[in-house]
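Keep in mind it's a predicted model, so treat the numbers as computed, not measured. Within every chain, numbering begins at 1; the chains are lettered A, B, ... in the order of the sequence lines, protein sequences first and strands thereafter.
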2 protein chains.
Amino acid sequence: MSLALGPVNKSSLSKQVADQLQEAILDGSLKADDRLPTEDELAKRFQVSRPTIREALKRLAAKNLIRSRRGPTGGTFVNHLGTSELSDHLTTASTLYVSMNQISLPEVSSTRLEMESLCCQLACTHRTDADLEKMEFELGQQLDSRISPEDFCAADVRFHRAIAEASHNRMLSFVMYTLIEALQPVANMIAYRFREREIITGQHKRLLGAIREQNKTLACAIIAEQITYLDQLHEEAQESHQQKQT
Amino acid sequence: MSLALGPVNKSSLSKQVADQLQEAILDGSLKADDRLPTEDELAKRFQVSRPTIREALKRLAAKNLIRSRRGPTGGTFVNHLGTSELSDHLTTASTLYVSMNQISLPEVSSTRLEMESLCCQLACTHRTDADLEKMEFELGQQLDSRISPEDFCAADVRFHRAIAEASHNRMLSFVMYTLIEALQPVANMIAYRFREREIITGQHKRLLGAIREQNKTLACAIIAEQITYLDQLHEEAQESHQQKQT
DNA sequence: AAAGTTAATTTGTCATACAAATATAAAATA
DNA sequence: TATTTTATATTTGTATGACAAATTAACTTT
């Protein structure tokens, strides 16, 4: 890890420090679970004050790149960056992006339709028994009519994530996590209505069957059916919302 | 904007403050270009010290949610969150994810192939004159053999981004930004060899033509050709790398 | 009236001190 | 001796106060 301050930069010191540390993590000088020097030590090496170092560390913490603990064996450590660790990071990004730019649902759902179809095709080919079990488990959760709408939603998210994972393409899974989250507000809405819950779980049941039998065409058709159905519900909800306002 | 500290939370104060401010941005209490209170004012309202407030602000700055300027008319402002503003954020996430999880290039490139084909199809339908101009401009940059490898890469990224934008589906563009970045290391490698540069720009020229003429089939074929070509180069590079080691 | 100068405001940085958490080692107790 | 308690050192978390740097607005001078 090279800790010399580079050429003169107009940006703030804390940003410069953060960028250098991030660089060190990115190029592998700092590996997962490595412990950074203490804040005092960093302050000495970078020739800046501790508050400045702390601001830099908080920037990295916001990106989930590091974690800190107090105490003698504590300190600041480099995080593992798995799909799940990235998901809250991505969730805020995608949710924010979708909400702040008022991206229309068709834009989201059409993209998701294409991507999830791709997932299903790959899943049909590559799904393992473990994948099927995971999907079965989440489906079981959804079938339980006693669970709360929140839990239903969470199980729904996990079911779709399981499909993504079953593709055994980690890049595709990574992207799908973003899309699943972005469509979640609509799914949340649905979870409060029991009739719709039955329809969704019915689709999931058939989808699981199709993937088990490795029937790509059928699986894609069911995905299309579900997303079209969600679009439709969203449209209805918006209409009734507009009626309320008039 | 509600500035009361919520229920007791074990997480650090700076994180709590950051979360509340982010919430305010997310739910629209703080809109783009709104100015936050001064740091002293925030410190008073949240009943914490200024360094703590600053740590919180740096967390949000790391996510590109805010920007700050000094001076009487300065202060901290809420950012617009466009695709490009998010790209920093996403770039580190995707690059890190790919490198830390040792995701194989086929996983990335196969995903990108599917997604970019989709982009091309939509771009053929929806491309405007402005889209075509943008692509032409970036292609022009690439044709100039005097530019540095770094500039060539940057122009390449912008060219592919322009294709994504031409789809006029913001969600798809958003996702594509991630994938383009993730494949960049390979593209970087190529930029240092002039022969390959010519081949790539040739493909781009034909691709632009296909999109102009709205020939979906041709456009997709060229994308497939390019990505296959990149995979091949990567494979060769790895082989020669292994030879060196033996 | 135009130009330069000063003052005020706000973020950026620093120095120092103390609080809180936590692991280790020492000491007291059963 | 074994176990619990206590002290202690280390490290992050927070607070206070001060000054520097940037930048705008008002004022003064030519």
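For A:I147, the side chain to side chain contact (heavy atoms under 4.5 Å, CB included) partners at least two apart in sequence or on another chain are A:D144, A:D151, A:F152, A:R197. Residues that satisfy the side chain to side chain contact (heavy atoms under 4.5 Å, CB included) test with B:E114, not counting sequence neighbours, are A:L118. Partners of B:H204 according to the ring pair (Phe, Tyr, Trp, His ring centres under 6.0 Å) rule, which considers only residues two or more places apart in sequence or in another chain, are B:F159, B:H160. Legend: residues meeting ring pair (Phe, Tyr, Trp, His ring centres under 6.0 Å) with A:F174, ordered by chain and number and at least two apart, are B:Y97. Residues that satisfy the side chain to side chain contact (heavy atoms under 4.5 Å, CB included) test with A:K63, not counting sequence neighbours, are A:Q22, A:L65, A:H89, B:A62, B:T92. Remark: A:R70 pairs with no residue by the side chain to side chain contact (heavy atoms under 4.5 Å, CB included) rule, at least two apart or across chains.
The shortest distance between the side-chain N/O atoms of B:K15 and the OP1/OP2 oxygens of D:dG13 is not below 4.0 Å.
With D:dT11, D:dT14, C:dG12 as the candidates, the nucleotide lying closest to the side chain of B:S14 is D:dT14.
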Quiz: residues 163-170 of chain B side-chain donor-acceptor pairs under 3.5 angstrom, not counting sequence neighbours:
{"from": "B:E165", "atom 1": "OE2", "to": "B:Y177", "atom 2": "OH", "distance (Å)": "2.8"}
{"from": "B:S167", "atom 1": "OG", "to": "B:A164", "atom 2": "O", "distance (Å)": "2.6"}
{"from": "B:S167", "atom 1": "OG", "to": "B:N169", "atom 2": "N", "distance (Å)": "3.2"}
{"from": "B:H168", "atom 1": "NE2", "to": "B:D131", "atom 2": "OD2", "distance (Å)": "2.8"}
{"from": "B:N169", "atom 1": "OD1", "to": "A:T111", "atom 2": "OG1", "distance (Å)": "3.4"}
{"from": "B:N169", "atom 1": "OD1", "to": "B:M171", "atom 2": "N", "distance (Å)": "3.0"}
{"from": "B:N169", "atom 1": "OD1", "to": "B:L172", "atom 2": "N", "distance (Å)": "3.0"}
{"from": "B:N169", "atom 1": "ND2", "to": "A:E107", "atom 2": "O", "distance (Å)": "3.1"}
{"from": "B:N169", "atom 1": "ND2", "to": "A:S110", "atom 2": "OG", "distance (Å)": "3.2"}
{"from": "B:N169", "atom 1": "ND2", "to": "A:T111", "atom 2": "OG1", "distance (Å)": "3.2"}
{"from": "B:R170", "atom 1": "NE", "to": "A:E107", "atom 2": "OE1", "distance (Å)": "3.4"}
{"from": "B:R170", "atom 1": "NE", "to": "A:E107", "atom 2": "OE2", "distance (Å)": "3.3"}
{"from": "B:R170", "atom 1": "NH1", "to": "A:N101", "atom 2": "O", "distance (Å)": "3.1"}
{"from": "B:R170", "atom 1": "NH2", "to": "A:E107", "atom 2": "OE1", "distance (Å)": "2.8"}

Could you list, one pair per line, each protein nitrogen or oxygen that sits under 3.5 Å from a nitrogen or oxygen of nucleotides 14-22 of chain C, together with the distance?
{"from": "C:dC14", "atom 1": "OP2", "to": "A:S49", "atom 2": "N", "distance (Å)": "3.0"}
{"from": "C:dC14", "atom 1": "OP2", "to": "A:S49", "atom 2": "OG", "distance (Å)": "3.2"}
{"from": "C:dC14", "atom 1": "OP2", "to": "A:T52", "atom 2": "OG1", "distance (Å)": "2.8"}
{"from": "C:dA21", "atom 1": "O4'", "to": "A:R70", "atom 2": "NE", "distance (Å)": "3.4"}

Can you tabulate the close N/O pairs, meaning under 3.5 Å, that link protein atoms to atoms of nucleotides 4-6 of chain D?
none

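Contact record, A:D34 with A:S29: OD2-O, 4.1 Å, taken as the closest heavy-atom pair.
Contacts of B:R67 with the nucleic acid, taken as non-hydrogen atoms under 4.0 Å apart, are absent.
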